[in-house]
Structures are given as C-alpha cells and as structure tokens.
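Following: one structure in structure tokens, then a few remarks.
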Amino acid sequence: MAALTPISRKPMSMVLPSVALAGAFAGIFVGAGNGSVLLGILGGAVLIAGLAWVYINIVKNENLARWINIIGFGVVGFIVAGLMGGVLGLLGGWFFAWFIFWLYEGRYRRKLLPYLTAQQVFYHYLFRVICGAIFVFLITPILVVLPLSFNAEDFFTFTPEMLRLDPEGYSLKHYRDFFTNNEWQRSFKNSLIIAPIATVISVTLGTLAAIGLSQSHVPGRRAIMGILISPMIVPLIISATGMFFFYSDIGRFLEGTLGMNKNFVGYLKVILAHAVLGIPFVIITVTATLVGFDRSLTRAAANMGAGPVRTFFKIQMPLILPGVISGGLFAFITSFDEVVVVLFVGSASQKTLPWQMFTGLREQISPTILAVATILVILSIALLTTVELLRRRSERLRGLSPA
C-alpha cells in the first residue's frame, strides 16, 4: 500500500487564485439569476478570495471561520431569496469554507501518491473540475424543469411562493391535466403504440445485421456497416425529408392499390421510420457485445448436432442478450422522444407525445409540458439505469470484470 503524501500549508499565491476561480464559477449562476453574468463572475471571485484572505490571516481558526461563513451566507441568502435562498446559502457557505482550508492546509494531496509533481496534481484535479463543470451544465436544465412542473400557477418561472417553499405555491394540477386531457392522453397512447413496435422491428433487424456483419467472411463489411448506421450520422432533417418522399409513395400504393385503411397506413409509415432510426443503436450495441463472444461455443454446439437456429437461441442469444436489450432500450428512447420525423411522415392521427409537446410550446405555451418533461426524464433515467446494469452483467458474463 502506497504511503500517504505528507501535507503542509500552501502559499496564498496558490490559494487565492484557486478559490477566486471557484467563486467566479458560482457567480455565473448568481449573476445569471440577477441579470448580469459578468458582475456575478467578478463579484464571486472577489468575495471568495477576500473571505479566504480574512479567514487565513485574521481569523486563523478553521471551525470559527466555517461557522461565520455558513451563517453569513445563509442569512444573506434568506434575505435575498427567502427560505430557498437561505438553504442554498448554508450549503454554499459550508462548501467555500471547506474548500478554502482544504487548499490552504494542503489536504488535497492527502490521498495522492507522494511522488506526484505539482503539475501532475494540477492536471489530476483539473480533469475532475472539467468533468464536474460539464455535469453541472448538463444537469442544471433538468433540475430546473423538475420543480417547475409542480408550479401552482400557469407560469414557466419560479413564483415567490415557490422560492419561499410555501406549500400554496406547489400543485399537481399540471400532472392532473396530463392524465385527464384527451389531447395529451391520445398522444401518449400513440407513443405507447408506435415506440414498442418500432423497437421490436429495430431489435430484430439490428441483431440479425450485427451477427451477419460480425462474420469475417462477409464482403464489404465496413461499407455495409457505414450504410446501416448512417441514419445515426445524417442530420435528422435530411433523413426526415427523404423519408417523407419515400413513404408517401408507399402510402399511396398501400391505400390506392391495396385499399388499406388510411389511419393504419399512417401508423405503419411512422413505425417503419422510427425503426430505421433505432436500428443503428441496436447494431452498435450488439456488435460491441459480439467482440468478446467465444465462437468456439457455436462450433461445439454444431459438432454436437445443434442446428443454426437452435445454436443461436440456446448458446449465442443468452450471451449477447444484455447488448440486445441495451440496443432495444436506446431504440425505444429514440422512438419515444422523436419529433422531427413524425412531423414529416405522420398525420394528426399519429400525433405522438413529443409532437404534442412541440405544439404546446408553439401554439399555447401549456405548462403541462413541464409535467410531461418530468415524466420523460424519470423514464429515461430508469431506462439508462437498466442499460448500465445490463452492461455490467455483460462484462461479468464475458469475464471482463469480477462477479
């Protein structure tokens, strides 16, 4: 076991710029909420750097400085933005007090190897800061939408009652509107019809294509793979335009020549279009699973008299099942969230949930969109969690990670 790095106090020339950068980053959000990002950045940097200098050179007591910072930030936050601001102020005060002395006392090197240079330590934490910043900018819009979906008013902004955490400022009326409004329910049912069927088609065709392209004797494998995953690469508006002309001819043939029901043909066109968009995800995930597949198992099954179909379902399919399910989940999410293609290919009878959300934003600004967005976020998180669990199971089955 490597020895822990001895820690020592660091110079102010290193501590002050570092905490100023942290304050500037926090100031982005405070400034954005008050209409001036630049002022927030400058104010945050100066404030945190000044507090660090005072705590280190004047207070000289970490516990006392921590409580001064927590109480001060909490009081200021409560005065400016009520109870919610007070809670955020307490958390911010705790973090910055901890961060200042974490740097000054040199605790950031405590769990690092002793032979790392200052430059290596800097890049070690720079990588984590960049990853954290990316995560914050990605997750912040979602965190804003979730509480707004419980707004008691028909607004897309936080009301004073919500900021004060007043129970009267929160309501489930937007969720009730989603579950009782005929327009929303019809679009939701359309999505539940289209997405599963498109997913089944995507999984079937994508799995067969991946297995076929994994054979070394197939000529032009790379070119075929590039063509099959092109819907994932080509801009969606171009794919939607091409699908519009292609499926309109098919629709006229099915309705005019074969006499099929117009509504049924509409669903068929949207399902096939969404299947095309989902197939690349299935091909990629199944192909990745087949990389570690032991082909001696299929040869052994063939030597024992098993046919190709029996070998596939009894030997190959159980081992690549995590990749198949992962691809199916991605295909389902793609179909369930897609709006551009269905606008080109579908009609009013096939209006899906994303289409209804788009209409709500463009025509009537319905706050029910926030409730629907929250439901979709929760659904996506559940599906992605399932994908991660399946990925780990696949690694265990292939011996890439310990059980």
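Nothing fancy with the numbering, it's 1 onward along the sequence. FYI, side chains are in, hydrogens and waters are out, and symmetry mates aren't considered; it's all heavy atoms of this structure. Quick caveat: nothing in here was measured; it's all calculated off a predicted structure.
With hydrogens and angles disregarded, a donor-acceptor distance shorter than 3.5 Å links the side chain of Q185 to the backbone of F178. Between the side chain of R107 and the backbone N or O of L103 there is no donor-acceptor pair closer than 3.5 Å. Proximity of a side-chain donor or acceptor of T285 to a complementary backbone N or O of V282 within less than 3.5 Å is detected. Side-chain atoms of N181 never come within 3.5 Å of backbone atoms of D177 as a donor-acceptor pair (strictly under, hydrogens ignored). Checking side-chain atoms of K173 against main-chain N and O of A152 turns up a donor-acceptor pair under 3.5 Å. No side-chain donor-acceptor contact under 3.5 Å links Q120 to the backbone of Y123. With T287 contributing its side chain and I284 its backbone, the two residues share no donor-acceptor pair below 3.5 Å. Looking at R109, its side chain does come within 3.5 Å of a backbone N or O of L116 through a donor-acceptor pair. Between the side chain of Y125 and the main chain of Y108, a donor-acceptor pair closer than 3.5 Å is present.
Between the side chains of N63 and R66, at least one donor N or O sits under 3.5 Å from an acceptor N or O. With 3.5 Å as the limit, one finds a donor-acceptor pair spanning the side chains of Y55 and N69.
Partner I271 forms a side-chain contact (heavy atoms from CB on, under 4.5 Å) with one of V345, I197, V200, V276 and no other, that one being I197.
Residues I279 and G206 come closest through the heavy atom pair CG2-CA, 4.2 Å. Minimum heavy-atom separation, A210 to V286: CB-CG1, 3.6 Å. Considering every non-hydrogen atom in both W355 and S347, the closest pair reads CZ3-O, 3.1 Å. In plain terms, the two heavy atoms of A52 and L16 that are nearest each other are CB-CD2, 3.9 Å. F96 and A26 get closest at one heavy-atom pair: CZ-CB, 3.7 Å. Annotation for V341 and L277: closest pair CG2-CD1, 3.8 Å, computed over non-hydrogen atoms.
Side-chain contact check for E183 versus K351: some heavy-atom pair is nearer than 4.5 Å. At least one side-chain heavy atom of I369 sits under 4.5 Å from a side-chain heavy atom of W184. Taking 4.5 Å as the limit, some side-chain heavy atom of F358 sits within range of a side-chain heavy atom of L343. Using a 4.5 Å cut-off on side-chain heavy atoms (C-beta onward), I283 and M225 make contact. Within the 4.5 Å cutoff, side-chain heavy atoms of F336 are placed close to those of L376. Residues Q350 and N263 meet the side-chain proximity criterion, which asks for heavy atoms closer than 4.5 Å. The shortest distance between side-chain heavy atoms of E338 and V340 falls below 4.5 Å. Using a 4.5 Å heavy-atom cutoff, the side chains of I325 and V203 are not in contact.
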TODO: Apply side chain to side chain contact (heavy atoms under 4.5 Å, CB included) to the pair Q356 and V372, showing each step before the final yes or no.
DONE: CA-CA 10 Å; Q356 181 66 33; V372 179; over 6 Å; no
Open item on the list: Go through it in stages, so that I can follow the logic: the residues are F344 and Y247, the test is side chain to side chain contact (heavy atoms under 4.5 Å, CB included), and I'd like the CA-CA distance, side-chain angles, deciding distance and then a yes or no.
Closed with: CA-CA 10 Å; F344 277 79; Y247 287 116; over 6 Å; no
TODO: Before giving the answer on salt bridge (charged side-chain N to carboxylate O under 4.0 Å, His left out), spell out for R9 and E62 the whole-Å C-alpha distance, their side-chain angles and the decisive distance to 0.1 Å.
DONE: CA-CA 13 Å; R9 289 182 172 176; E62 183 175 352; over 6 Å; no
- [ ] Apply side chain to side chain contact (heavy atoms under 4.5 Å, CB included) to the pair R176 and S171, showing each step before the final yes or no.
- [x] CA-CA 10 Å; R176 285 194 296 269; S171 173; 3.9 Å; yes
- [ ] Could you go through the side chain to side chain contact (heavy atoms under 4.5 Å, CB included) check for I375 and F179 one step at a time?
- [x] CA-CA 12 Å; I375 295 173; F179 287 107; 4.2 Å; yes
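Here the CG-CD1 distance, from L51 to I68, works out to 10.0 Å after rounding to the nearest 0.5 Å. D249 CG to F245 CZ: the interatomic distance, rounded to the nearest 0.5 Å, is 9.5 Å. Distance check, rounded to the nearest 0.5 Å: OG1 of T352 to CD1 of I193 gives 11.5 Å. The CZ atom of F127 sits 8.5 Å away from the CD1 atom of I130 when rounded to the nearest 0.5 Å. Atom-to-atom distance recorded for S149:OG and Y170:OH is 10.5 Å, nearest 0.5 angstrom. The distance from the CZ atom of R186 to the OG atom of S349 is 7.0 Å, given to the nearest 0.5 Å.
Residues in residues 187-204 take part in these side-chain hydrogen bond (donor to acceptor under 3.5 Å, both in side chains) pairs, two or more places apart or across chains: N190-Y267.
Under the 4.0 Å criterion applied to side-chain N and carboxylate O atoms, E255 and R252 are not assigned as salt-bridge partners.
For the side chain to side chain donor-acceptor pair (under 3.5 Å) test, residues two or more places apart in sequence or in another chain that qualify with S335 are H274. In terms of the side chain to side chain donor-acceptor pair (under 3.5 Å) criterion, K262 has no residue partners (sequence neighbours excluded).
Counted within 6.0 Å of CZ on R310, heavy atoms from surrounding residues, nucleotides or ligands total 12 or fewer; the atom is thus considered open. Atom CH2 of W102 has more than 12 heavy atoms from other residues, nucleotides or ligands within 6.0 Å. Few gaps surround OH on Y175; more than 12 heavy atoms of other groups in view lie less than 6.0 Å from it.
A tilted orientation is assigned to the rings of W98 and F95, their planes being inclined by 30° to 60°.
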